Amino acid sequence: MSLHLVSMRWVVVIVLAGCASAPDVGPPLPFHVAVAPVQVPLIPAGPVDEAEAESLQVSFDSAPFTDALTERLATTFSRVTPLSSGDDVAAMLATAQSEGVDLILEARVVQQPGVDTWLNQGFWPNLLLHALGGPGGWFVSDRTYAPQVQLQVQVYDATTAAAVAAAASLEATGAQLLRVERPATEVSLNFLDRADSASHWLLGLVVPAGFLGYESAAVAEQLSTEIAKQLADSLAQALRERAADLERPEFVRFYPRDVRTDDAASGRALTGEMVVEIGHVDELGALRYRFANGSWQSANWSGRQLERASQGGPARRSYGFRIPLTDASAGTVQLEVEQVDRGLTRRTFTYALDDGTETR
């Protein structure tokens with residue numbers, strides 16, 4: 001009895017460890033992001049020898065990978081919209097403008113052939129459960145897979161990209177905010193994930209599950225799904241960690257500060273500041289806003305304040321704003337801010353309003 005309890009304790013520990021992931025907490029980042037269809041390789045890149053050709057191969061489909069990425073990023077940003085095509089740059093930018101997009105995200109899967117696999121520490125409690133009889137060990141993730149897969153992502157400012165005529169690619173617009181590369185890590189599967197035939201189920205009653213079905217078609221399909229979710233989680237965490245790079249690009253000299261919803265007696269409003277670093281640009285110009293994809297409305301800055309330079313940093317000028325939230329049905333409000341330079345450069349931010357929580 002004690003041996004059985006110990007083995008079950010191992011099962012619980014292993015299952016919980018497999019469910020752990022990096023947290024992505026905090027208010028939504030203030031952007032409406034368009035996700036271009038994920039580019040996936042038709043065949044694994046690099047040379048494929050005879051041994052690799054016979055080993056387990058994992059392939060990806062663009063549509064489900066894009067869906068996984070879009071669904072995951074929806075908890076990180078104020079709004080996320082999938083794009084139907086990523087080939088025609090002009091059409092993509094036109095769609096982004098019509099949808100009120102702030103950022104465009106391009107992602108590409110890079111992979112090498114073959115997947116390494118081995119029995120992990122879950123095999124031993126699984127072996128004990130098998131010896132005790134019954135299929136209890138089928139639920140234990142007893143085999144680990146190490147795919148050589150990487151997600152390469154570039155994020156662009158949609159307003160800046162749209163100002164460049166006839167660009168051959170988004171990269172050619174010079175609107176790139178950041179580049180992120182996230183490798184896939186190990187994935188552990190149990191026998192229920194791997195079995196795909198009657199012979200597997202029958203053998204599972206007499207042979208320890210760790211030895212069965214480890215290169216079946218079900219494994220390739222399950223790995224494809226798990227890796228897509230894993231990379232989507234990893235990317236969301238990376239983008240949140242690099243929020244400052246998204247909010248403070250080099251091509252504008254201002255950024256938002258202390259933006260929040262305010263439920264004052266005069267009515268609900270979005271309040272905060274836009275801060276301009278004095279140097280190449282000294283002042284901000286026009287401020288506009290709209291709810292969802294509605295019509296633009298002009299707004300006035302509610303005050304200006306000079307902040308003297310400190311600790312070697314530049315002097316700043318903060319511009320306060322208060323946007324009355326008169327459209328109760330709108331889930332987002334988009335701000336368009338203009339800086340006073342030769343081209344009157346603009347940038348947009350989108351804030352989620354449905355939960356009433358404080359924003360960045």
Side-chain angles (χ1 to χ4, degrees), residues 29-37 39 73 77-108 153-180 239 242-256 259 274-299 301 317 319 321 323 332-351 360:
L29 300 182
F31 299 105
H32 178 186
V33 180
V35 179
Q39 302 172 40
L73 293 179
F77 292 95
S78 296
R79 186 177 173 190
V80 178
T81 297
L83 296 175
S84 59
S85 174
D87 298 328
D88 189 329
V89 176
M92 184 162 48
L93 290 173
T95 302
Q97 284 188 300
S98 66
E99 293 292 332
V101 167
D102 308 309
L103 308 177
I104 300 175
L105 186 147
E106 283 188 329
R108 181 165 68 104
V153 175
Q154 298 183 90
V155 183
Y156 301 89
D157 183 79
T159 304
T160 304
V164 180
S169 65
L170 284 176
E171 190 170 6
T173 66
Q176 182 175 307
L177 293 171
L178 58 83
R179 178 185 176 90
V180 177
L239 293 176
R242 298 188 62 180
D245 294 325
L246 296 175
E247 294 179 350
R248 305 187 186 191
E250 295 182 356
F251 41 81
V252 295
R253 306 305 299 173
F254 61 87
Y255 54 88
V259 182
M274 290 291 167
V275 181
V276 59
E277 295 183 346
I278 298 175
H280 298 294
V281 175
D282 295 337
E283 295 184 10
L284 296 182
L287 170 65
R288 299 197 302 169
Y289 69 95
R290 64 177 177 180
F291 298 105
N293 293 348
S295 301
W296 287 106
Q297 303 178 58
S298 296
W301 299 110
R317 183 175 285 113
Y319 289 71
F321 62 84
I323 306 297
T332 59
V333 58
Q334 184 179 37
L335 306 184
E336 181 189 72
V337 182
E338 179 184 81
Q339 69 181 21
V340 180
D341 58 13
R342 180 175 298 180
L344 294 177
T345 306
R346 295 169 298 153
R347 192 159 193 245
T348 59
F349 305 85
T350 297
Y351 292 91
R360 292 182 63 88

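Values in this document were obtained by computation on a predicted structure and should not be read as measured data.
Using cut-offs of 30° and 60° on the angle between ring planes, the pair Phe349 and Phe31 is tilted.
Interatomic distance, Tyr156 OH to Met92 CE, rounded to the nearest 0.5 Å: 8.5 Å. The distance from the CG atom of Asp157 to the CG atom of Leu178 is 11.5 Å, given to the nearest 0.5 Å. Taken from CD in Glu250 to CD in Gln176, the straight-line distance is 10.5 Å, to the nearest 0.5 Å. Atom CZ of Phe77 and atom CG of Leu239 lie 4.5 Å apart (nearest 0.5 Å). The distance from atom CZ of Arg290 to atom CD of Gln297, rounded to the nearest 0.5 Å, is 11.0 Å. The distance from the CG atom of Leu73 to the OG1 atom of Thr81 is 11.5 Å, given to the nearest 0.5 Å.
No side-chain heavy atom of Arg179 sits less than 4.5 Å from a side-chain heavy atom of Glu171. You'll find the side chain of Met274 stays beyond 4.5 Å of the side chain of Leu287, heavy atoms only. Two residues are said to be in side-chain contact when any heavy atoms from C-beta on lie closer than 4.5 Å; Asp245 and Val155 fail this criterion. Between Val276 and Val340 the shortest side-chain heavy-atom distance does not fall below 4.5 Å. Side-chain contact between Phe251 and Leu177 is present, with heavy atoms from C-beta onward closer than 4.5 Å.
Using a distance-only test at 3.5 Å, with no hydrogens or angles considered, a donor-acceptor pair links the side chain of Ser78 to the main chain of Thr350. In this structure, the side chain of Arg108 does not engage the main chain of Gln154 through any donor-acceptor pair within 3.5 Å. At least one donor-acceptor pair closer than 3.5 Å links the side chain of Gln334 to the backbone N or O of Gly100.
Here the shortest heavy-atom pairing between Gln339 and Val281 reads NE2-CG2, 3.6 Å. Taking every heavy atom of both residues into account, Asp282 and Tyr319 meet most closely at O-OH, 4.2 Å. The shortest non-hydrogen separation linking Val89 to Ser169 is CG2-CA, 3.6 Å. Of all heavy-atom pairs spanning Ala299 and Ile323, the tightest one is CB-CD1, 3.8 Å. When all heavy atoms of Pro30 and Tyr351 are compared, the pair lying nearest together is CB-CE2, 3.2 Å. The two residues Arg347 and Leu246 make their nearest non-hydrogen contact at NH2-O, 2.7 Å.
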Note to self: Could you walk me through whether Glu106 and Leu170 satisfy the side-chain contact (heavy atoms from CB on, under 4.5 Å) test, starting with their C-alpha distance in whole Å, then the side-chain angles of each, then the deciding distance to 0.1 Å, before giving a yes or no?
What the structure shows: CA-CA 9 Å; Glu106 283 188 329; Leu170 284 176; 3.5 Å; yes
ask   = Step by step, would you call Leu93 with Val164 a side-chain contact (heavy atoms from CB on, under 4.5 Å)?
value = CA-CA 10 Å; Leu93 290 173; Val164 180; over 6 Å; no
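Heavy atoms of other residues, nucleotides or ligands lying less than 6.0 angstrom from CZ of Arg346 number 12 at most.
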